Amino acid sequence: LVREAENDVRAFVDDGRERMRVLRDVDAGAKVTAFEGYHKGATPLANRSRQSFAKLTDFARKFSGETQEQANSVVDNLL
């Protein structure tokens, strides 16, 4: 899960950096046109990144909850 989230986030960020690098020396009209392409290309990458990160945070929350339940069980057994 961590590797998947990392790869998806990195793909989104790298894509955005490359698109901005290309637009550095482009006139304003071309930037407007390029933004339309950015929206089409970046949205799937952003969505994939969000989904991967959500899976990772859901897992962390579940693991954290299970760990707390286990700790409570141990304490209960000691009492």
Side-chain angles (χ1 to χ4, degrees):
L1 287 175
V2 172
R3 184 69 59 202
E4 177 185 2
E6 177 185 11
N7 290 340
D8 290 343
V9 169
R10 191 177 302 270
F12 173 64
V13 170
D14 289 348
D15 178 72
R17 282 184 172 168
E18 179 59 21
R19 289 175 188 273
M20 295 304 108
R21 187 190 65 73
V22 169
L23 292 177
R24 188 176 301 152
D25 299 321
V26 175
D27 66 57
K31 287 180 182 179
V32 170
T33 303
F35 179 74
E36 293 168 4
Y38 172 80
H39 180 70
K40 289 178 185 173
T43 298
L45 293 172
N47 288 338
R48 195 171 7 223
S49 174
R50 289 181 193 113
Q51 291 168 351
S52 295
F53 208 79
K55 285 185 212 174
L56 181 60
T57 56
D58 288 346
F59 174 78
R61 280 190 200 104
K62 182 177 184 247
F63 179 76
S64 174
E66 288 177 358
T67 302
Q68 184 62 45
E69 288 174 15
Q70 290 170 347
N72 290 343
S73 177
V74 169
V75 170
D76 289 343
N77 287 334
L78 291 174
L79 300 174

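Start at 1 with the first residue, then count along the sequence. Given the structure is predicted, the values throughout are model-derived calculations rather than measurements.
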Would you give me the side-chain donor-acceptor pairs under 3.5 Å for residues 26-36, sequence neighbours excluded?
from	atom 1	to	atom 2	distance (Å)
Asp27	OD1	Gly29	N	3.0
Asp27	OD1	Ala30	N	2.9
Thr33	OG1	Gly29	O	3.4

_Minimal non-hydrogen separation, Ala5 against Ser52, with atom names_ = CA-CB, 3.6 Å
*Can a donor-acceptor pair be found between the side chains of Asn7 and Arg10 at a distance below 3.5 Å?*
no
Side-chain polar contacts of residues 15-22 - donor-acceptor pairs under 3.5 angstrom, sequence neighbours left out - could you list them?
from	atom 1	to	atom 2	distance (Å)
Asp15	OD1	Arg19	NE	3.2
Asp15	OD2	Arg19	NE	2.8
Glu18	OE1	Arg21	NE	3.1
Glu18	OE2	Arg21	NH2	2.6

_For the backbone of Ala54 and the side chain of Thr57, can you confirm whether one donor and one acceptor N or O come within less than 3.5 Å of each other?_
yes
*Can you tell me how far the CD atom of Glu6 sits from the OG atom of Ser49, to the nearest 0.5 Å?*
11.5 Å
*asked:* Under 4.0 Å between a side-chain nitrogen and a carboxylate oxygen: does that hold for Lys55 and Asp58?
replied: no
_Minimum-distance pair of heavy atoms, taken over all atoms of Leu45 and Ala11_ = CD1-O, 4.0 Å
